Amino acid sequence: RRNSRMVGGLLACILVWILYTLATCGFDSDCWMGDRVKMVETSHLSNNYDAWGAGKPVYVYDSGGVRGLKFGSMSSMRQSTAVIGDADVFTMPILCHMSAVVHVFCEQPPRRVLIFGMGGAGIHSYVQKNYPEAQLDVVDLEPEVVRLALAHFNLRERPNLNVTIMDGRRWLDSLPPRGAPPPPPKEEP
């Protein structure tokens with residue numbers, strides 16, 4: 001009877017450890033790799049748009065040949081991933097879906113593409129590589145995320161890349177009621 005209690009206690013401890021690990025790492029393999037994760041840059045969110053984001057850390061890291069971006073902690077879920085140097089290799093299924101939308105709904109190559117949010121610039125880089133003549137407008141609230149994406153991911157500064165630091169809702173509200181949107185302002189006052 002004593003041995004069964006010890007085994008039961010040991011199994012309970014293992015179960016608690018597994019649940020704790022899943023709660024902090026989820027199924028995000030980067031969290032399990034330990035010393036195989038190389039930090040590229042650690043920064044902090046700079047905008048005061050909400051209580052959660054202000055001052056929180058942002059991590060850019062390399063793991064298994066893939067560059068990643070996480071907000072909050074390294075045990076958070078990946079916000080973005082990319083194979084550096086190849087914008088056509090998607091490391092997250094959502095990027096495959098977004099690129100398919102461009103191919104399915106555009107009979108001709110797009111002349112202008114608007115994207116809200118920067119993250120690791122996965123779809124942005126894809127558009128920039130595969131539609132080099134298209135005007136790419138990006139609206140993002142967080143200047144530090146934009147800086148990290150341009151510095152560490154596949155997106156490149158080009159004349160046809162227009163990044164606006166502004167709340168997307170305010171940007172939409174600034175559009176005229178009809179017609180093509182005007183070029184967005186460079187920065188929110």
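The chain is numbered in sequence order, starting from 1. Note that the structure is a prediction, hence the values are computed from the model and not measured.
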Worksheet item: What about L150 and L69, same hydrophobic cluster or not, with Ile/Leu/Val/Met/Phe/Trp/Tyr joined at side-chain heavy-atom distances under 4.5 Å?
Response: yes
Practice prompt. First locate atom CZ of R170, then atom CG of L172, and finally report the distance between them rounded to the nearest 0.5 Å.
Written response: 12.5 Å
Item to complete: Identify the two heavy atoms, one from P132 and one from K129, that lie closest to each other, and give their separation to 0.1 Å.
Response: CD-O, 3.8 Å
Discussion item. Tell me which pairs pass side chain to side chain donor-acceptor pair (under 3.5 Å) where either residue lies in residues 152-161, with sequence neighbours left out.
Written reply: E41-H152
Response to the item:
Heavy-atom nearest pair, Q135 first then D137, reads NE2-OD1, 3.1 Å
Worksheet item: What distance do L148 atom CG and L155 atom CG have between them, rounded to the nearest 0.5 Å?
Response: 12.5 Å
Response to the item:
For M166 and V139, the nearest pair of non-hydrogen atoms, with its separation, is O-CG1, 3.4 Å
Worksheet entry | Residue pair V138 / H124: nearest heavy atoms and the distance that separates them | CG2-CD2, 3.6 Å
Discussion item. When you group the ILVMFWY residues by side-chain heavy-atom contacts below 4.5 Å and let the links chain together, are V89 and I123 in the same group?
Written reply: no
Fill in: Hydrophobic cluster identity match, V60 and V66, side-chain contacts under 4.5 Å
no
Response to the item:
Here the gap from Y61 atom OH to K38 atom NZ, rounded to the nearest 0.5 Å, amounts to 14.0 Å
Worksheet item: Would you say the side chains of S43 and E144 form a donor-acceptor pair under 3.5 Å?
Response: yes
Worksheet item: In Å, rounded to the nearest 0.5 Å, how long is the span from CZ of R67 to OG of S80?
Response: 12.5 Å
Worksheet item: Are I115 and L95 connected in a single hydrophobic cluster, I mean Ile/Leu/Val/Met/Phe/Trp/Tyr linked by side-chain heavy atoms less than 4.5 Å apart?
Response: yes
Discussion item. How close do S46 and E142 get, counting heavy atoms only, and between which atoms?
Written reply: OG-OE2, 2.7 Å
Worksheet item: Is there any ring pair (Phe, Tyr, Trp, His ring centres under 6.0 Å) pair reaching into residues 74-93, and which pairs are they, with sequence neighbours excluded?
Response: F90-Y126
Item to complete: Establish whether M98 and V113 are linked, either directly or via other cluster members, by ILVMFWY side-chain heavy-atom contacts under 4.5 Å.
Response: yes
Worksheet, complete the sentence: Looking only at heavy atoms, the pair that brings M118 and D140 closest together is N-OD2, 2.6 Å
Fill in: Test item: K70 and R78 side chains (from C-beta on) under 4.5 Å apart, heavy atoms
yes
Practice prompt. Would you give the length of the straight line joining atom CD1 of I165 to atom CZ of R147, rounded to the nearest 0.5 angstrom?
Written response: 12.0 Å
Worksheet item: Roughly how far, to the nearest 0.5 Å, is CZ of F153 from OG of S125?
Response: 9.0 Å
Fill in: Student check: side-chain heavy atoms of Y59 and F71 closer than 4.5 Å
no
Worksheet entry | Among L114, V163, N162, V127, side chain to side chain contact (heavy atoms under 4.5 Å, CB included) partner for L136 | V127
Discussion item. Please enumerate all residues that pass side-chain contact (heavy atoms from CB on, under 4.5 Å) together with P109, with sequence neighbours excluded.
Written reply: Y131
